[in-house]
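Okay, so here's the structure we're looking at.
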Amino acid sequence: MAGESVKKDSQPVAKQRPIALLFDLEHSAVDGRSLFFDISKRLLAEREIELTPALFMRHFRKQSMEKCLDGLLEAVGKKRLSAAKLAGEITEELKVGFTDKRLKMPAGFAKLVAQAKAEEAIFGALTALPNEVADDLIKRLGLDGV
């Protein structure tokens, strides 16, 4: 158990749990949700669909982007458009968006990372990004080597 003393060579030694920081790369280390909204809004506007924050929150909660877009396209009366094609376009734009050098780590998350580094934490990032995009983002944010 954490915090218990263990006798080693007749000297009490406190057991210490390792500290870890496990985070979602595209939603904690950067504001991926805003990026996703902005890209989706722009691509939908090209198809004469106004994506409001309310529509985004209502329809972009499902498991796959194609399912999200199916529901949205039906709700706005644009069912003739291909959700699969639009999902592919948004996905490609997101890959480009996550390579944007202007993406910055939110101040609160940067503070958490600094504290975790000071405590020699083990870091782990979860992501749905392709490996090359995730690796680039990790390096640009200074999270490589932690």
Restricting to non-hydrogen atoms, name the atom on [X] and the atom on [Y] that form the minimum distance, rounded to 0.1 Å.
X	Y	value
M105	A110	SD-CA, 3.5 Å
L103	G97	CD1-O, 3.5 Å
S28	F23	CB-CB, 4.2 Å
A83	D70	CB-OD1, 3.2 Å
A29	P106	O-CD, 3.2 Å

Less than 4.5 Å apart, side chain to side chain, heavy atoms only: is that true for [X] and [Y]?
X	Y	answer
L137	L129	yes
L81	L69	no
V30	L141	yes

Please report the interatomic distance [atom1]([X]) to [atom2]([Y]), rounded to the nearest 0.5 Å.
X	Y	atom1	atom2	answer
L51	F60	CG	CZ	5.5 Å
L35	R102	CG	CZ	10.0 Å
R61	K67	CZ	NZ	14.0 Å
K95	I90	NZ	CD1	13.5 Å
L73	E66	CG	CD	10.0 Å
S40	L94	OG	CG	6.5 Å

### Query
Centres of the F36 and F56 rings: under 6.0 Å?
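Yes.
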### Query
Short question: side chain of E26, backbone of A128 - any donor-acceptor pair under 3.5 Å?
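Present.
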### Query
Where the side chain of T99 meets the backbone of V96, is there a donor-acceptor pair that is under 3.5 Å apart?
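Judged by distance alone, yes, a pair lies under 3.5 Å.
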### Task
Report the C-alpha separation of F123 and V113 in whole Å, then their side-chain angles, then the decisive distance to 0.1 Å, and conclude whether the side chain to side chain contact (heavy atoms under 4.5 Å, CB included) test is met.
CA-CA 9 Å; F123 283 72; V113 167; 4.0 Å; yes
### Task
List the steps and the verdict of side chain to side chain contact (heavy atoms under 4.5 Å, CB included) for L22 and L126.
CA-CA 7 Å; L22 183 63; L126 302 173; 4.0 Å; yes
If you count the non-hydrogen atoms of other residues, nucleotides and ligands that lie under 6.0 Å from [atom1] in [X], is the total more than 12?
X	atom1	value
E132	CD	yes
E120	CD	no
K79	NZ	yes

### Salt-bridge criterion met for E50 and K41 (N-O under 4.0 Å)
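Salt bridge: no.
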### Task
Run the numbers on L86 and R47 for side chain to side chain contact (heavy atoms under 4.5 Å, CB included), then give the verdict.
CA-CA 10 Å; L86 191 51; R47 290 154 178 88; 3.6 Å; yes
### Task
Evaluate the criterion side chain to side chain contact (heavy atoms under 4.5 Å, CB included) for residue pair R42 and D38; output intermediate values, then yes/no.
CA-CA 6 Å; R42 180 176 48 79; D38 292 344; over 6 Å; no
